[in-house]
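As the structure lists them, so they are numbered: ligands from 1, and atoms in each ligand from 1.
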Amino acid sequence: MDLRTESAVDPHRSLHSETGGLPGEHRGRSRNPLTKIVGLAWLEFEKPDLGRAERFLSDFGFTVADRTPEALVLRGNWAGTPGLIVRRGTTSRFVGPAFAADARADLDRLARAMDVSVRPHRGGYTVALTDPSGFPVRVVHDVPELPAVPERGPLPLNVGLEPARVNGTQRPVRHPAQIQRLGHVAIGTTRFQAALDWYLDTLGMIVSDFLYFDGQRDRGPTMAFIRCDLGSVPSDHHTLAMALQTQTGYLHSAYQVTDLDEVAVAGEYLHERGYRHAWGIGRHIQGSQIFDYWRDQDRLMFEHYTDGDVFDCSMRPGWAPMSVSGLAQWGPKATAEFTGARDPGVLVAAIKALREKGNEIDVAALRGLIKVMGS
Ligand SMILES: [Fe+2]
């Protein structure tokens with residue numbers, strides 16, 4: 001199908017991208033997925049010092065839902081499963097995501113197809129899978145949810161002809177963010193194509209936007225913003241963002257807060273406490289979120305965001321060339337702190353990936369990545 005014929009009312013146009021997919025390009029969805037997950041349940045991390053981890057995560061805006069000597073469970077204010085599980089481990093690292101299935105039958109189908117078992121987990125059930133990048137991926141069902149916690153509503157803004165505040169002032173309180181919920185996780189992988197197809201075929205996710213190396217579109221996409229397929233129910237523009245990189249690993253995870261003031265004031269709070277700012281405040285192009293990125297004490301990156309796009313299943317993927325400047329509509333220039341361009345070991349990782357067999361890193365890919373960093 002030529003997706004360009006569908007672009008007459010395509011909001012991917014303009015800033016977002018000029019065309020959809022071309023004939024023969026990746027469709028961005030599986031014709032017959034094994035199951036369709038309905039959301040991101042939580043992310044699992046390991047930290048050597050749980051007290052230290054709790055300090056950052058509380059300052060970032062999470063509430064502790066449970067704490068044992070071996071694990072920390074953190075939540076946002078909205079009802080649902082806690083968004084973060086941090087276990088004691090030898091190093092600071094992202095372990096993997098847990099996605100939510102709508103029915104026990106989905107777990108049974110996954111278990112049969114992947115030759116694993118459905119097991120009890122955190123009061124519900126899980127299947128434990130491994131994606132082609134090597135990340136452990138859980139799919140869970142029936143895990144008890146926490147009730148909502150009261151939070152402040154969006155600040156009333158004096159916009160338009162009817163002011164919302166007459167004889168009133170605007171005084172957002174400087175405090176840790178009120179995190180509402182986990183939004184998405186972004187990962188880098190040396191096996192992008194294989195991992196992309198796995199998430200679409202196995203978990204039934206669909207692509208909102210593809211990015212490709214400028215001048216190498218025929219290579220196929222090298223980054224994808226992937227959402228859950230909830231049919232006519234809108235879902236976050238991306239629940240998973242995945243990019244071809246010289247090293248497989250966690251890039252960042254993102255958490256929704258109430259509004260722009262919350263993003264800004266929560267950032268001031270983190271700044272006062274001496275945390276390292278990575279990039280922001282700005283507004284993304286793919287997903288449109290107003291974003292602000294921070295690093296924890298071990299340099300893992302966490303994002304506050306608000307006002308992200310939601311798409312239903314009718315939206316086809318947008319296509320655009322990948323560039324650092326193309327990550328935002330407005331805001332400061334993306335920093336090396338955000339892109340990781342100056343991370344020690346970048347060059348070593350590139351050489352290692354080039355030598356290693358079975359991944360998708362070749363000389364052209366390196367050339368593409370270098371061009372992205374400088375663009
Ligand atoms: Fe993000």
Original post:
In chain order, what residues pass the side chain to side chain donor-acceptor pair (under 3.5 Å) check against Arg52, with sequence neighbours excluded?
Top reply: Asp298
Subject >> Salt bridge flag under 4.0 Å for residues Asp66 and Arg122 >> reply: no
Original post:
Does the Arg283 side chain pair with the main chain of Ser288, one donor and one acceptor, at a distance under 3.5 Å?
Top reply: yes
Subject >> Metal site the Fe ion (ligand 1), protein N/O/S atoms found under 2.8 Å >> reply: 3
**OP:** Please work out which of the three classes, parallel, tilted or perpendicular, describes the rings of Tyr250 and Phe302, given edges at 30° and 60°.
**Re:** tilted
**OP:** If the plane angle is over 60° it's perpendicular, under 30° parallel, otherwise tilted; pick one for Trp319 and Phe210.
**Re:** tilted
Subject >> salt_bridge(Arg88, Glu70) N-O dist < 4.0 Å >> reply: yes
